Amino acid sequence: MSKVATRFAPSPTGALHIGGVRTALFNWLYSKNQKGTFHLRIEDTDKERSKDEYKLQIIKSLKWIGIEHDGDEYIQSTKINDHIKVANELIRNGNAYKCYCSNEEIEEQKKRAKQKKLPYVYNRKWRDLPESDAPDNIKPVIRFKSKIEGSSTLKDLVQGDIEIENNTIEDFIILRNDGTPTYNLSATVDDHLMNMTHIIRGDDHKINTFKQMQIYVAMKWTLPSFAHIPLIHTIKGKKLSKRDNASTLDDYSKIGIMPNALRNYLLRLGWSYKDKEIFTLEESIEHFNLEGIGKSPSKLDMSRILSMNEHYIKTINENELYIQLVQYCELFKEKIEADKEEKIKHSLIFLKNKAKTLEDIYNNAKYIVLSKVDFDKNDLNLIDAKAKTIISEFKNNIKILKVLNKETLEPIINNLIKAHKTNFKGIGQPLRVALTGSKFGPGIYDIIISLGKEEVEKRLSDKVLA
RNA sequence: GGUCCCUUCGUCUAUCGGUUAGGACAGCUGGUUUUCAUCCUGCAAAGGGGGGUUCGAUUCCCCCAGGGACCGCCA
């Protein structure tokens, strides 16, 4: 048996969709599991909507999540002549024909079908009409001569055998009247030219597969294996579309979801391996198989994505996490200056305990990242006269400390609690606000220690004087 | 409407005829705790309905219901 080759074939007409990412992931994992190759084909034949920037963005997104294709990307538009050749060959061998129906004629048929509440199927008018009957004012389209009798079976690797009556497949157009090929022709010819052994794609392509299988047969090409994976649905149970929010990769990366977490989530969405939930990239390659793909569509669940991300935040090492944070902040927040690296890296150990996303980490680390703290007016009001006294006393008390750590700070705080007949909150809250500008955030000891003595004194002075 | 697909806790899923139907996320308890969290206990939560086959069905078959996809000279 030949080496497994799979492909992902997006059209560059928009940002990469999370459903597409999962399809790409499954294709990639399957090929890697089988020690085969994975290819990227850009289906850019829709000239109106295809954009180069989208192509670049697709490649970048795939790379972001850990998928890299083998070889160069295959650009469909450069192969149009091959597609046309096949169309002509199909006419020659009697498997396709020119259809001279006018637009009006087709529209009329569609309208009539609609009125009778019947499905529209092209009436195969020109299937057997001689070329001599052709009107000279109409440019023909080329239609594939679909089988009318009997039925066809698709041996789907995920869904099992699917049988369909041949007469439900119409004589679909393979060449438009401007001479350009349509999707079903192009995709089939390309898959053949690229020597694809496994076509793994969304459920929504099932009907196309029946059309494409007929082209393979008509051209006497070897049929690849097909696997149709269930679609991802929105929480409302509908097919996910680009119009839904939180549907593109960017939607996730911008809120600080890490690639590995999303990859892991997507892997487990519609696929399972026993009770295992967490898969490193290597493990996912090792265990991935087509048998583990479920048959029913699955709903996107944000809370799971978040908790997966949280898991990765908590378990990857601080250096790795810091790298991710820096990249994230540079892209979506403030750039982290190099001189902040030490402070932030050391703080990660407590920052990550309260974060589900990189954005959470950023928010909780803002007091370190930004040199100047923004104060909310309501929070500022918390620093009243009494608070100022406390802050000022605290500041005086730490002056004599050589090192700031929990052991040295705790007695000071405890004394203040006693002196002011208050509780920990009574001391901690004003200090927290003065130091970070927020009522919420890391533990007060963590804040003080991470900021360092000099910075603490500076920030406290500002508040007392204010 | 036609064709095809799907159906286990709210969600993702395990089970490949015999289980107290398991896990994870979310939810809710209780505990630890300096805010918010984290962490640790525990609880609750599922086989759409009806027929078969079988000693025994979530598991196999059929019917129904519900949901979904497709039905472009888009890909």
Side-chain angles (χ1 to χ4, degrees), chain A residues 9-13 43-46 48-50 76 99 101 103 106 110 113-114 116-121 139-143 154 156 158-160 162-165 167-170 172-184 186-187 201-208 210 228 230-231 233 235 237-239 265 268-278 291-292 294-308 310-311 314 350-356 360 364 410 413 417 423-429 431-433 438-447:
Chain A
S11 55
T13 54
E43 304 208 329
D44 59 342
T45 52
D46 184 337
E48 305 262 301
R49 296 190 298 153
S50 294
Q76 188 164 63
C99 164
C101 287
N103 272 332
I106 299 288
K110 282 187 184 172
K114 207 173 180 182
K116 289 189 193 160
K117 297 209 167 197
L118 286 170
Y120 163 73
V121 195
K139 275 205 214 156
V141 296
I142 311 296
R143 289 183 184 268
L154 160 63
D156 194 286
V158 168
Q159 317 229 356
I162 302 166
E163 195 181 352
I164 194 173
E165 295 293 320
N167 62 21
T168 60
I169 308 235
E170 69 165 350
F172 54 97
I173 293 170
I174 54 177
L175 234 49
R176 303 183 182 95
N177 63 186
D178 65 357
T180 58
T182 61
Y183 168 73
N184 278 303
S186 296
R201 69 207 333 181
D203 219 354
D204 49 347
H205 279 286
K206 227 185 292 169
I207 296 297
N208 289 328
F210 280 97
H228 291 91
L231 300 174
H233 280 178
I235 206 75
K238 302 282 185 210
K239 175 182 170 181
Y265 171 77
R268 282 286 289 100
L269 189 67
W271 178 84
S272 62
Y273 178 76
K274 301 177 184 168
D275 274 343
K276 194 168 165 62
E277 299 284 351
I278 305 299
E291 295 76 49
K295 292 183 169 192
S296 53
S298 31
K299 295 186 179 114
L300 214 49
D301 180 1
M302 196 56 201
S303 67
R304 274 207 83 167
I305 298 176
L306 252 17
S307 82
M308 187 64 81
E310 183 180 13
H311 176 269
K314 297 227 166 80
F350 61 83
L351 287 171
K352 70 182 182 183
N353 275 336
K354 39 201 314 135
K356 280 185 156 59
D360 291 343
N364 281 320
E410 203 165 24
I413 301 249
I417 291 173
N423 54 18
F424 193 95
K425 204 176 160 186
I427 308 298
Q429 216 51 326
L431 286 176
R432 182 198 308 282
V433 172
S438 171
K439 276 186 290 188
F440 309 108
I444 190 67
Y445 292 121
D446 289 329
I447 293 174

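A note on names: the letters A, B, ... follow the listed sequences, proteins ahead of strands, and every chain is numbered from 1. What you see is a predicted model, and the numbers here were worked out from it, not measured in a lab.
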A:Glu163 atom CD, over 12 foreign heavy atoms within 6.0 Å: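 Correct, the count exceeds 12.
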A:Lys439, NZ atom: more than 12 neighbouring heavy atoms under 6.0 Å: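 Not buried by this count: 12 neighbours or fewer within 6.0 Å.
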From C-beta outward on [X], which listed nucleotide comes closest to its side chain: [options]?
X: A:Lys239; options: B:rU35, B:rA69, B:rA75; value: B:rA69
X: A:Ser307; options: B:rC25, B:rA75, B:rU35; value: B:rC25
X: A:Ser298; options: B:rC12, B:rA75, B:rU34; value: B:rC12
X: A:Asp301; options: B:rU38, B:rU34, B:rG10; value: B:rG10
X: A:Asn103; options: B:rC73, B:rC5, B:rA75; value: B:rC73

If the [atom1] atom of [N] is compared with that of [M], how far apart are they to the nearest Å?
N: B:rG42; M: B:rG48; atom1: P; value: 30 Å
N: B:rU8; M: B:rC4; atom1: C1'; value: 24 Å
N: B:rU41; M: B:rG31; atom1: C1'; value: 7 Å
N: B:rU58; M: B:rG52; atom1: P; value: 14 Å
N: B:rC5; M: B:rC9; atom1: C1'; value: 24 Å
N: B:rG30; M: B:rC43; atom1: C1'; value: 10 Å
N: B:rG23; M: B:rG66; atom1: P; value: 34 Å
N: B:rA14; M: B:rG67; atom1: C1'; value: 23 Å

Which is true for [X] with a 4.0 Å heavy-atom rule: it touches a base, it touches only sugar-phosphate, or it touches nothing?
X: A:Gln76; answer: sugar-phosphate
X: A:Pro230; answer: nothing
X: A:Asp46; answer: sugar-phosphate
X: A:Glu170; answer: nothing
X: A:Lys314; answer: sugar-phosphate
X: A:Tyr265; answer: nothing

Rounding to a whole Å, what distance do you find between [X]:[atom1] and [N]:[atom2]?
X: A:Asp204; N: B:rC6; atom1: CG; atom2: C1'; answer: 15 Å
X: A:Tyr273; N: B:rC16; atom1: OH; atom2: C1'; answer: 15 Å
X: A:Leu431; N: B:rU35; atom1: CG; atom2: C1'; answer: 13 Å
X: A:Ile417; N: B:rU34; atom1: CD1; atom2: P; answer: 9 Å
X: A:Ile207; N: B:rC71; atom1: CD1; atom2: P; answer: 9 Å
X: A:Asn208; N: B:rC70; atom1: CG; atom2: C1'; answer: 8 Å
X: A:Phe172; N: B:rC73; atom1: CZ; atom2: P; answer: 12 Å
X: A:Ile444; N: B:rA37; atom1: CD1; atom2: C1'; answer: 15 Å

Check the phosphate of [N] against [X], side-chain N and O only, distance under 4.0 Å to OP1 or OP2. Yes or no?
X: A:Lys276; N: B:rA24; value: no
X: A:Lys206; N: B:rC4; value: no
X: A:Lys295; N: B:rC6; value: yes
X: A:Ser272; N: B:rA14; value: yes
X: A:Thr180; N: B:rC73; value: no

Provide the closest heavy-atom pair for [X] versus [Y] in the form atom of the first, atom of the second, distance.
X: A:Ile106; Y: A:Tyr120; result: CG2-OH, 3.6 Å
X: A:Lys352; Y: A:Lys314; result: O-CE, 3.5 Å
X: A:Thr45; Y: A:Ser50; result: N-OG, 4.4 Å
X: A:Lys276; Y: A:Arg268; result: O-NE, 3.2 Å

Quick one: pull up [atom1] in [X] and [atom2] in [Y] and give me the separation to the nearest 0.5 Å.
X: A:Asp360; Y: A:Glu310; atom1: CG; atom2: CD; value: 9.0 Å
X: A:Leu154; Y: A:Lys206; atom1: CG; atom2: NZ; value: 8.0 Å
X: A:Met302; Y: A:Ile235; atom1: CE; atom2: CD1; value: 11.5 Å

Worked verdict on A:Arg304 versus A:Glu277 for side-chain contact (heavy atoms from CB on, under 4.5 Å): CA-CA 11 Å; A:Arg304 274 207 83 167; A:Glu277 299 284 351; 3.1 Å; yes
Give every pair of a protein N or O atom and an N or O atom of nucleotides 43-48 of chain B that lie under 3.5 Å apart, one pair per line with the distance.
none

Residue closer to the 5' end of RNA chain B, A:Gly270 versus A:Leu231 (nearest nucleotide):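 Nearest nucleotide further toward 5': that of A:Gly270.
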Closest-nucleotide ordering on RNA chain B, the 5'-leading residue of A:Phe440 and A:Ile106: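 By nearest-heavy-atom nucleotide position, the 5'-most residue is A:Phe440.
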Between protein and nucleic acid, restricted to nucleotides 60-67 of chain B and to nitrogen or oxygen atoms under 3.5 Å apart, what atom pairs and distances do you find?
none

Full working for side-chain contact (heavy atoms from CB on, under 4.5 Å) between A:Phe172 and A:Thr182: CA-CA 9 Å; A:Phe172 54 97; A:Thr182 61; 5.6 Å; no
Base-pairing assignment for B:rA46 (Watson-Crick or G-U wobble, both under 3.5 Å):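 Pair assignment: B:rA46 / none.
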Paired nucleotide for B:rU29 [Watson-Crick or G-U wobble; both distances under 3.5 Å]: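 B:rU29 is unpaired by these criteria.
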Trace of the side-chain contact (heavy atoms from CB on, under 4.5 Å) decision for A:Ile164 with A:Ile207: CA-CA 9 Å; A:Ile164 194 173; A:Ile207 296 297; 4.2 Å; yes
Is there any protein nitrogen or oxygen under 3.5 Å from a nitrogen or oxygen in nucleotides 19-23 of chain B, and what are the pairs?
| residue | atom | partner | partner atom | Å |
| --- | --- | --- | --- | --- |
| B:rG22 | N2 | A:Asp275 | OD1 | 2.8 |
| B:rG23 | N2 | A:Glu277 | OE2 | 3.0 |

Within-4.5 Å side-chain heavy-atom neighbours: A:His233 and A:Lys238: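 No, their side chains stay 4.5 Å or more apart.
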Minimum side-chain heavy-atom gap A:Asn364-A:Phe350 below 4.5 Å: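 Contact flag for A:Asn364/A:Phe350 side chains = no.
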Within the 6.0 Å centroid threshold, strictly below: A:Tyr183 and A:His205: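 Ring centres of A:His205 and A:Tyr183 closer than 6.0 Å.
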